[in-house]
Amino acid sequence: MTEPNNGNGPEVPAEGGLAAELAHMTEAELIEHEAEVAEVVAPDREIAVEVGETLLDIDNLTMRFGGLTALDSVSFGIRRGEILGLIGPNGAGKTTCFNAMTGVYRPTSGQVLLEGKPLGKLAKHNITRRGIARTFQNIRLFGEMTALENVVVGTDARHKTSVMGALVRSPRHFREEKEAIERAMALLDFVGIVDRAADKAKNLPYGYQRRLEIARALATEPKLLCLDEPAAGFNPIEKEDLMGLIRKIRDDGYTVLLIEHDMKLVMGVTDRIVVLEFGKKIADGAPSEIRENPSVIAAYLGVPDDDIA
Amino acid sequence: MTTTTTKTTTSGRRSLSEWWNTLNRPQQWAILIPLVVFIYALPVLNPPILTTEPGYDFPIAMFEVARYALIAIGLNVVVGQAGLLDLGYVGFFAVGAYVAALFTSPDSMLTKLPFLAVLPIAMAITMVFGVILGSPTLRLRGDYLAIVTLGFGEIVRLLADNLEPLRGNQGFQQVGHPPGTNADGSAIFNNTDGTPWYWLTVTIIILVLMLVGNLERSRVGRSWVAIRDDEDAASIMGVNTFKFKIWAFVIGAAIGGLSGALYAGQLAFVNNQKFDVVTSILFLAAVILGGSGNKVGVILGAIIVAYIPARFLGIAEYRFLIFGLALIVLMIFRPQGLLGARQRLLTYGRQAYQRLLGKGEQISKDAPVATDKNGGQ
């Protein structure tokens, strides 16, 4: 008899389950399976801009809280199909920038344009429907729901069943429910946590929770996926896995904006990096350029006293 | 591919709902149908162990229990599922009762309508009140919302006290009832025989449970639970939180209004006496006691809150003291209520989890669950 697992690692699944099947697949079967999964995961999104063109444009974004200027005329673009890293020392304004993009804060001035159209004063849920999804620095899952239900909530962002439709169970309700479960299962498989799909989110191990947040965000069919420190609290092996996952997400046709402290991860996975310091953009370029950039080095390591004079 | 397995548990703490989920559909029906028949037969059987007589007419006591159960189901949508603390629920109940009285009592100046036609009207009007109360207040959260709803309940009561057409303490006599007469010419639904009213209410409860269950296993129920768990995260995941909070309020209000109209019909009299804050708190106590968020739980809570004072008349006067103490003890030892919440939020969830785990049980990792192998490994 298996000892009850207290949420410290993957559970041995029961016989005959999907997870058990996965465990017994050969490599060729696994590759085929992954391709199938990827097909369900990446839906047909209508994206107005071509690969390589600007998907999201942050234009002179300023964010003030009373006397504190958290973001000071920050401008940068995110091109479709790239992984953009947003880095900076603590308090540089990275998460503020995220919050201003996703509608949590209203920018003091400046604007955010998705596919050339300003997000303006759209409500948070409408910004998500326009195509920006995010995860949270401190995990914010729906703890009382199972992992599967969490992801299905993400898919609901694209659903149109009305309250009346749900009440009398319209054909659309059944169709959407069926599709939602298929896609949610595929997404859990995609991020590698399908073996715990039936567990309440609050009982999942930490790494699973982080991955579940990514699956839930992907479920909203975003054009741009924003990850806020997804590797926080991960050990090097888990970070390595996460880098693989982020690349896989990009290869599936998503555009990724990544906030991260871990330099190795950022340098290893991003195509381009934007550096913030005290709410200002101090650098923007390929990882190799950023590594050599004197102002970035100064921001992170400080400047010797002699140089200031 | 249902694998029938003998389940063993590592501890004896496996919950009722987990056991229920291990049963297949025919087994569930085999338990449900006799249970429902028994529930319908209760006022006729009048079992000596359950009876509240001679102190309190048993069928009427059963109607009271059913009425509380309906209220608890409605309030559970608001408090249990969407997590909106509503202390003024009695306001909706009162609106329902007054609508029934205004459209059926000869004391009212309005056009008279058949009682059964008034039920949907009472629901519609309380829904309007739900929107009126909800749209300005649902921007508030937690304690603030609780205070505003408390105020709403009081406003309704004070209106009943002071508005001339609502006749204050004098009230409305001869409120209507459903049609039909006995052999001797007296109405089937009269105010001394609780049995027909009980049957009507139980039937309504079953219908309401099915409809609320439909909502729970849809994007609506998921939105509610998401809002309850983390409202900000819900809105960032694309949930129109304001819209779904209003809907929770409106649906809860409609059920409250419906039970108010039934109450008015059974009593055949409505005045301003029964709609105070204490009643509202008693409704809430039923929900919290039974298990906020669990439909079966809140019905159990309603049974306790309504039945105990009728059964033990000696303690009826101290019921608030007793329920208060019971709630305190419960909050210390079992904060989730007698039956903890576990919603099933997916229409095809059963099949999905079955496919996933190779068995029919939806596992909740709150209680240790053993695997199928007996003593293996």
Side-chain angles (χ1 to χ4, degrees), chain A residues 1-5 7 11-20 102-104 123-129 133-134 136 140-146 148-149 152-154 156-159 161 163 165-169 173-174 176-178 180-181 185 194 197-200 203 216-217 219-220, chain B residues 1 3 8 10-11 211 214-215 217-223 225-226 228-230 232-244 247 251 293 341-349 351-353 355-359 361-377:
Chain A
M1 194 169 288
T2 319
E3 278 301 301
N5 188 302
E11 181 108 326
V12 181
E15 271 182 297
L18 182 62
T102 50
V104 177
K124 282 175 274 189
H125 63 269
N126 283 328
I127 290 181
T128 309
R129 284 179 205 169
R134 66 171 288 183
F136 297 90
R140 295 180 79 167
L141 291 164
F142 307 124
E144 292 295 325
M145 293 190 199
T146 65
L148 183 64
E149 287 164 351
V152 173
V153 171
D156 283 337
R158 301 281 161 211
H159 289 166
T161 303
V163 173
L167 200 63
V168 300
R169 308 206 135 186
H173 163 79
F174 284 115
E176 287 184 344
E177 286 286 314
K178 204 166 247 166
I181 286 200
M185 285 286 215
V194 76
D199 285 17
K200 276 190 187 176
N203 296 331
R216 187 180 63 175
T220 66
Chain B
M1 50 165 259
T3 43
T8 50
T10 43
S11 74
L211 291 174
N214 278 359
L215 287 180
R217 288 183 296 279
S218 76
R219 69 185 290 236
V220 182
R222 288 191 292 270
S223 302
V225 176
R228 190 188 69 194
D229 279 2
D230 189 334
D232 294 318
S235 69
I236 286 187
M237 287 305 131
V239 175
N240 187 342
T241 51
F242 186 66
K243 177 178 129 187
F244 283 108
W247 268 112
I251 289 166
R342 175 67 197 105
Q343 282 112 348
R344 276 174 293 286
L345 302 170
L346 304 167
T347 298
Y348 294 103
Q351 293 93 316
Y353 292 117
R355 193 180 65 185
L356 193 72
L357 300 159
K359 54 183 177 179
E361 186 175 4
Q362 182 181 336
I363 296 184
S364 149
K365 279 288 172 336
D366 278 351
V369 177
T371 53
D372 299 343
K373 292 159 215 151
N374 288 318
Q377 294 188 339

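Model, not experiment: these values are computed from the prediction. To find a chain, count down the sequence lines: A is the first, B the second, and so on, and within it residues start at 1.
- Among residues two or more places apart in sequence or in another chain, the side-chain hydrogen bond (donor to acceptor under 3.5 Å, both in side chains) test is passed with Asp230(B) by Arg140(A).
- For Phe244(B), the part lying near chain A is the side chain, with the backbone staying farther off; criterion is any non-hydrogen pair under 4.5 Å.
- Using a 4.5 Å heavy-atom threshold, the side chains of Val168(A) and Asn214(B) count as separate.
- Taking all atoms of both residues into account, the shortest heavy-atom contact from Ala197(A) to Tyr353(B) is O-CE2, 4.1 Å.
- Of all the listed residues (Thr102(A), Val152(A), Thr220(A)), the one sharing the greatest number of non-hydrogen pairs under 4.5 Å with chain B is Val152(A).
- Judged purely by distance below 3.5 Å, without hydrogens or angles, the side chains of Thr347(B) and His173(A) pair a donor atom with an acceptor atom.
- Ranked by heavy-atom pairs shorter than 4.5 Å toward chain A, the options Thr241(B), Leu211(B), Ile251(B) are led by Leu211(B).
- Distance CZ/Phe136(A) to CG/Asp232(B): 7.5 Å, rounded to 0.5 Å.
- Scanning all heavy atoms of the two residues, the minimum distance from Leu148(A) to Ala352(B) falls at CD2-CB, 4.1 Å.
- The part of Ile181(A) that comes within reach of chain B is its side chain, from C-beta onward, which places non-hydrogen atoms under 4.5 angstrom from that chain.
- In this structure, the side-chain hydrogen bond (donor to acceptor under 3.5 Å, both in side chains) partners of Arg222(B), at least two apart in sequence or on a different chain, are Asp156(A), Glu177(A).
- Taking both residues in full, the closest heavy atoms of Phe142(A) and Asp229(B) are given as C-OD2, 3.3 Å, listed atom of the first, atom of the second, then distance.
- Contact of Arg217(B) with chain A is made through backbone and side chain together, with heavy-atom distances under 4.5 Å.
- Heavy-atom distances place both the backbone and the side chain of His159(A) under 4.5 Å from chain B.
- Here the CG atom belonging to Asn240(B) is positioned 3.5 Å from the NE2 atom belonging to His125(A), to the nearest 0.5 angstrom.
- For Ala133(A), no part sits under 4.5 Å from any heavy atom of chain B, backbone or side chain.
- Interface residue Arg129(A): only side-chain heavy atoms are found under 4.5 Å from chain B.
- Note: Arg169(A) CZ to Ser218(B) OG = 8.0 Å, rounded to the nearest 0.5 Å.
- For Thr161(A), the parts sitting under 4.5 Å from any heavy atom of chain B are the backbone and the side chain alike.
- Minimum interatomic distance between Ala166(A) and Leu215(B) (heavy atoms only, all atoms of both residues): CB-CD2, 4.0 Å.
- Annotation for Lys178(A): atom NZ does not count as buried by contact number, only 12 or fewer foreign heavy atoms lying within 6.0 Å.
- Contacts of Val220(B) with chain A are made by side-chain atoms alone, with heavy-atom separations under 4.5 Å and no backbone atom involved.
- To the nearest 0.5 angstrom, Met237(B) atom CE is 8.0 Å from Arg134(A) atom CZ.
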